[in-house]
*Asks:* 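Below you will find the structure I want to go over with you.
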Amino acid sequence: MTKEEMITWILGIEPAATTDDTGEWLVVQVPVDKWKNFAACIHKGPPALDFLFCLTAVDWKTHLCVVYHLRSSRTDETMVVKVQLDRDKPQIDTVCDIWRTAEFHEREAFEMFGITFHQHPDLRKLILPDDFNGYPMRKDFEDPVNMIKL
Amino acid sequence: MFSFQQWAAQIHSFLLEKTGTYTLLIECIIIGILAISLFAILGLVLVLMERKVAAHIQIRMGPNRVGPAGMLQTVADTLKLLMKEGLVPRLADKFLFNLAPFLVMMVAMMLLAPIAFARGVQIWDINIGVLYITAVSSVSVIGVMMAGWSSNNKFAMLGAMRSGAQIVSYELSAGFSILCIVVLSGSLQISDIIASQESGWWLFRGHIPVLIAFVIYIIAVTAETNRAPFDLAEAESELTAGFHTEYSGMRFALFFLAEYINIFIVCALGATLFLGGWMPLHIAHWDGFNHLMDWIPSSVWFMGKTFFLIFLIMWFRWTFPRLRVDQLLNLEWKYLLPIGLLNLLLVTWIAIKGWHF
Amino acid sequence: MYAETQIISSSENNPQLKEGQLVINVGPQHPATHGVLHLVITLEGETIVKIEPHLGYIHRSIEKMSESLSYRQFIYVTSRMDYLSAHINNLGCALCVEKGMQIEVPARAQAIRIIMSELTRIASHELWIGAMAMDLGAMTPFFYTFRERETINDIMEQTCGARLTMNYMVPGGVMYDLHPEFVTRVRAFITQFKDKVTELEDLVTNNIIFRNRTEGIGILSKEDAISFGCTGPVARASGVDGDIRKRFPYTGYEQLDFEQCLHQAGDSFARYIVRIREMYQSIRIIEQLIDQIPEGDFQAKTKAVIKLPKGEFYTRVETARGELGVYIISEGGTTPYRIKYRSPGFSNLSALDHMARGSKIGDLMATMGTLDLVIPDIDR
């Protein structure tokens, strides 16, 4: 599948998506409410992106952005999916029933950025202590005791 | 020829002359002191030996700083352990927790009684010597279970439970191997068993069945003393330290010591049963050779054989990985026990027909 | 300061547990976890019902720290992530910065980078075999593997000045040129390795107890390996051909002749065999390069202050544990806006519960051991 074919296919299943093929990999922006459906499609569909090799979030100060790096385990097709979230109340559907590796990565994003993943089986703090306050990877996080900023 | 027997007789007559009726009491005290000092020395020597053997197998030097060639390392370690505080967990059953190491130690001490160290050097030549050893050694499992249970620690309890299952099952195999020799020699008394090997050790005279019994015996006692590859009770990568997780200081040292004394005893028993104890290597009708062998003191023969078996068991420990619990029990109940039973039948057949050399 | 996260509990005082179940804490200080991994394990007898990893005991917030470090500085921190493949971590970051700067790395630097990476891989696998055998109760292989590892460490020390956290790869090349004795010593090491590795096979590979402990234990199917995002030897032992060096070659691996070690069984023994074969392949790679390291510069000319253009850069390298991804988002300044390290151990660990459920606690050590977890790599 070339990038052009992929874009046509993506726009076919999800007209609300925006694509960007200038970089190394195809970047797709998907609205939050369409994400779960879209994820199931790209996992099953012709590109068969069954390998979620990176899941992370970025704090853009105005909004949060969850970034999914996906590739196919058979072909070398790679796609980057970005989902923008509201910074005050970030919520998104979990994908750990599609890619099971997402379970741990989503827990990490949950505690570091405060993103709630709906229907996640076990959304608890993984790395931070249970009584930790704040979301340390956000840009406005300040910890006067344990300084991280240099 | 050098012999402890003459010494013992001289001391006995000397005491009888001087003290009369108290002779027995005084002899008991002397034996007690000797046994305890033997314990201490054995513990030190065996721990040092284990470390040196391990070092040799693992291409390193081993202890080499304290004393000449590191010989005093274990003395220093013992001193350290003596100085350490013996902690008792807050919610532990204090009585049982304190009792357990002593129980294990007492069992190990009691086992020394019927062992023949050299010609005529035996504390108590009881007529059911072998039975006594198998019976008393089973008591040590109670000490281990006590330690595991009273520690109020889950690792300790899991370790104790494993240990219980393991010791109880492997005792059967060890028992069957011992029975083979009892059948051949026709006696349970240690001195009789040794005397029956005058013309050659049972290992060589009993054909292949006795060899099989010997192999099963070595495997079973390795398991019974909780040594690798059967050290599941204290499997450090799974259960940290097993039943003695919570022990420290001298209480821990007692467990540690008892383990080595137990190794010594099972190896001494193995040497007695299969390799003729203090009996020198005799080959029937080779009188010249037999006389030559008799010149080597009997204590050297006994210690040589025992330490050879100890070395064998140490060699196992530093070579093999650990078995899993179910594999351990499978090995016993599916392989060793049926083989041991059949083997006992064969040995009995040989003994009845008199087919041994 | 913090409340106890998990209290040791049994069915008597924990309503979530069924009758006869008990919870044990393996770690944070436990001989089998090689670091500060904390596993809360629910047991029924000796059978594992559930495993819950509790992470974070060595979390240093490297991602957040890197946001305030310059592009030259942040590479040094990454040596402390997966300390057993420090070179390859540094290489991943250096490649990512080079990708942003769009500079060419001299041929000599590329060759040095590959040789160093492969030496690191051998050293890491050697340590792993020793530690794994120790988990299974065999102490001795540890000393045999460390003999070879020490030789590699000495070679590293001569050239990089350090033995564990080397900090040798920099954007544009490597930090210093090779030590004059490097080539002869690496050649000597290759001879030594080929000579001595058979000892290891006698001691471990063909050991019947080791075979029984690992064969058929902790099986991870190919589908699960993909779904759990497993990479490296763990995935390759399940038949997933995901070696980055082969599929997405970087820094000149495409010119080299080596095989991707695959195994279909997916059990602990397969993972062991894959790592052993990988060491042979690494030796093969080094042999191809060691006699013909190109002459020339060992470092490209770069500006003193590196600035990356606005954009996103992602590179991946194959560490000894699997795929390390470095994701840099740049806003055009001298420091990255956001850095994400996709560490291999984190994804591999997530498969542990699935693999070990229903097995005995003794098997957990075989399963966890073959995952080759390095805790700082998981926590970052």
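In what follows, every heavy atom counts, from backbone to side chain, and hydrogens, waters and symmetry copies are set aside. In what follows, chains are A, B, ... by sequence order, proteins preceding strands, each numbered from 1.
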*Asks:* In plain terms, say whether C/Asp363 and B/Arg324 are close enough for a salt bridge, that is, a side-chain N and a carboxylate O under 4.0 Å apart.
*Replies:* yes

*Asks:* Looking at B/Lys94, I want to see if its NZ is surrounded by more than 12 non-hydrogen atoms of other residues, nucleotides or ligands under 6.0 Å.
*Replies:* yes

*Asks:* CD/C/Glu199 to CD1/B/Ile59 distance, rounded to the nearest 0.5 angstrom?
*Replies:* 7.0 Å

*Asks:* Compare every heavy atom of B/Thr319 with every heavy atom of C/Ala138, then report the nearest pair and how far apart it is.
*Replies:* CB-O, 4.5 Å

*Asks:* How far does NZ of C/Lys360 sit from CG of B/Asp326, to the nearest 0.5 angstrom?
*Replies:* 5.5 Å

*Asks:* Could you tell me the separation between the CZ atom of B/Arg322 and the CE atom of C/Met139, rounded to the nearest 0.5 Å?
*Replies:* 8.5 Å

*Asks:* Would you say that more than 12 heavy atoms from the other residues, nucleotides or ligands in this model lie under 6.0 Å from the CZ of B/Phe308, or not?
*Replies:* no

*Asks:* If you measure from CZ on C/Phe142 to CD on B/Gln58, what distance do you get to the nearest 0.5 Å?
*Replies:* 10.0 Å

*Asks:* For chain B, which candidate among C/Ile361, C/Leu203, C/Asn212, C/Leu43 shows the most heavy-atom pairs at distances under 4.5 Å?
*Replies:* C/Asn212

*Asks:* Pick whichever of C/Phe210, C/Tyr144, C/Phe143 has the most heavy-atom pairs under 4.5 Å with chain B.
*Replies:* C/Phe143

*Asks:* Give a yes or no answer on whether the side chain of C/Thr140 reaches the backbone of B/Trp318 with a donor-acceptor pair at less than 3.5 Å.
*Replies:* yes

*Asks:* Is C/Arg213 reaching over with its side chain to a backbone N or O of B/Pro321, donor-acceptor style, under 3.5 angstrom?
*Replies:* no

*Asks:* Select one option (side chain, backbone, both, neither) describing which atoms of C/Ile208 are under 4.5 Å from chain B's heavy atoms.
*Replies:* neither

*Asks:* Measuring from C/Leu22:CG to B/Leu158:CG, what's the distance to the nearest 0.5 Å?
*Replies:* 6.0 Å

*Asks:* Heavy-atom distances under 4.5 Å only: say whether C/Ile41 touches chain B with side chain, backbone, both or neither.
*Replies:* neither

*Asks:* Answer yes or no: does atom CE of B/Met71 have more than 12 heavy-atom neighbours from other residues, nucleotides or ligands under 6.0 Å?
*Replies:* no

*Asks:* Given heavy-atom pairs under 4.5 angstrom as the criterion, report whether the side chain, backbone, both or neither of B/Gln327 touches chain C.
*Replies:* side chain

*Asks:* CG/C/Asn207 to CZ/B/Phe320 distance, rounded to the nearest 0.5 angstrom?
*Replies:* 6.0 Å

